Asker: 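Before anything else, here's the structure in question.
Order of listing sets the numbers, starting from 1, for every ligand and every atom in it. Keep in mind the model is a prediction, meaning the values are calculated, not measured.
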Amino acid sequence: MIKFFDYLRCYEDERPGLLSEIETVFSSGTLILGPALERFERNFCSAILPGFHGVGVGNGTDAIHICLRALGIGSGDEVITVSNTAVPTVSAIRLSGATPRFCEIDYRTGLLDPTQLEHAITDRTKAVLPVHLFGNAVDMHSVCQIAKKHSLFIVEDCAQATGTRLSGKHVGSFSDMSAFSFYPTKNLGCFGDAGMVVSSDLELSEIAKRLRIYGYDDFQRTIHEGLNSRLDEIQAAILDYKLKRLPSYLNRRRDIARFYNANLPADVLLEDTRSELDIEHSYSLFVIKVPNRDRFRDRLRSLNIFTGIHYATPIHLMDGYNFLGYRKGSLPITETFCENIVSLPLYPGLTDDEAMVIVEAVRDSIY
Ligand SMILES: *Cc1c(COP(=O)(O)O)cnc(C)c1O
């Protein structure tokens with residue numbers, strides 16, 4: 001059987017290191033906001049975003065929420081993002097009090113289309129929240145230009161993009177603040193929930209640091225209305241350990257993706273490397289487009305290969321977001337894109353033999 005995701009494939013190898021990290025935390029006497037978190041915040045930034053400041057938080061959703069709050073975005077403001085994202089992108093905007101507005105996507109990639117961005121801007125727009133979906137990169141050069149012209153903040157959702165670079169710079173470095181998730185399935189995943197706010201602005205990072213613990217100042221008096229969202233010492237120690245293996249995990253993801261790209265029919269593939277942009281994709285998900293998705297997934301399932309869909313229903317068509325006022329037909333490109341996509345298994349523990357079996361099964365099941 002080939003699961004869609006299986007962290008246990010890597011666990012045997014990581015086990016001694018992880019258990020010793022956990023033992024160190026258990027016997028340290030500090031479980032929350034201690035040395036393991038500080039070490040991980042420092043090491044995460046020096047590994048992928050040197051010169052930036054990291055603030056560990058409870059999960060990726062809170063990371064986005066805290067970015068928006070730190071920038072002073074709230075009730076009455078609008079934040080532009082895409083509708084074919086993980087629900088947390090949008091729930092984080094709502095948690096801040098702001099209203100999400102959706103921008104159309106590029107059908108080739110499924111990513112925010114900067115040429116459509118200005119259509120979504122209104123008098124109330126305060127920020128753009130591009131999502132680096134699947135480990136690919138949004139064209140931040142164009143987004144930055146438009147944001148500058150309209151004086152908008154940018155917050156990058158990098159939850160699926162640890163390891164992704166655009167023009168040699170890691171994603172998250174093109175904006176005022178950015179958000180990462182360490183949910184188990186992500187490129188750098190913990191054994192529970194965790195997230196990180198990253199910024200090059202020390203003052204904004206300090207505000208994010210206060211927001212994660214009730215907005216306290218140094219005397220436990222709230223100076224910014226905050227919340228409880230902390231990255232605990234156990235998960236921080238686990239993440240710091242796994243961070244050392246991140247380069248090899250990313251290489252493995254890229255090797256499998258290269259094999260898929262070389263061996264699957266061109267018409268099912270998304271466009272990963274837009275020729276005009278210099279992108280180092282991190283393949284947090286490997287998404288293809290097939291004509292008859294349900295039948296395709298059933299056939300793979302009958303071969304014991306499990307797939308996913310990211311995402312089947314665009315958020316503007318979900319009942320819980322009816323109040324935003326969108327209808328079927330509001331975002332035709334996004335809606336069509338969501339009808340045909342399927343995500344294939346791709347994770348560091350997947351073997352070469354399994355990748356070969358998957359390619360054969362996909363070829364036999366498309367039409
Ligand atoms: C996973 C994810 C999030 C949220 O992260 P959590 O840690 O699960 O809260 C946000 N945005 C995107 C695009 C994601 O994939």
Asker: Between E156 and S175, do the side chains contain a donor N or O and an acceptor N or O under 3.5 Å apart?
Answerer: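 A donor-acceptor contact under 3.5 Å links the two side chains.
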
Asker: Starting from the N and O atoms of ligand 1, find every protein N or O within less than 3.5 Å and list the pair with its distance.
Answerer:
unit_1   : atom_1 : unit_2 : atom_2 : d
ligand 1 : 5 (O)  : S181   : OG     : 3.3
ligand 1 : 7 (O)  : G60    : N      : 2.8
ligand 1 : 7 (O)  : S181   : OG     : 2.7
ligand 1 : 9 (O)  : G60    : N      : 3.3
ligand 1 : 9 (O)  : T61    : N      : 2.9
ligand 1 : 9 (O)  : T61    : OG1    : 2.5
ligand 1 : 11 (N) : T89    : OG1    : 3.4
ligand 1 : 11 (N) : D157   : OD1    : 3.4
ligand 1 : 11 (N) : D157   : OD2    : 2.8
ligand 1 : 15 (O) : Q160   : NE2    : 2.8
ligand 1 : 15 (O) : K186   : NZ     : 2.7

Asker: Determine whether a donor-acceptor pair (N or O, by modelled atom type, separation under 3.5 Å) exists between the side chain of E233 and the backbone of L37.
Answerer: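 Side chain of E233 to backbone of L37, a donor-acceptor pair under 3.5 Å: yes, one is there.
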
Asker: Taking NZ, NE, NH1 and NH2 as the nitrogens, is one of them in R295 or D298 under 4.0 Å from a carboxylate oxygen of the other?
Answerer: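 The answer is no: the pair does not qualify as a salt bridge.
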
Asker: Quick one: ring pair (Phe, Tyr, Trp, His ring centres under 6.0 Å) pairs with a partner in residues 296-324, sequence neighbours left out?
Answerer: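 For residues 296-324: F4-H310, H316-Y326.
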
Asker: The criterion is side chain to side chain contact (heavy atoms under 4.5 Å, CB included); which residues satisfy it with A92, sequence neighbours excluded?
Answerer: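 Listed in chain order: T61, I64, H65.
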
Asker: Who passes side chain to side chain contact (heavy atoms under 4.5 Å, CB included) against T164, sequence neighbours left out?
Answerer: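 A137, A161, V171, S282.
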
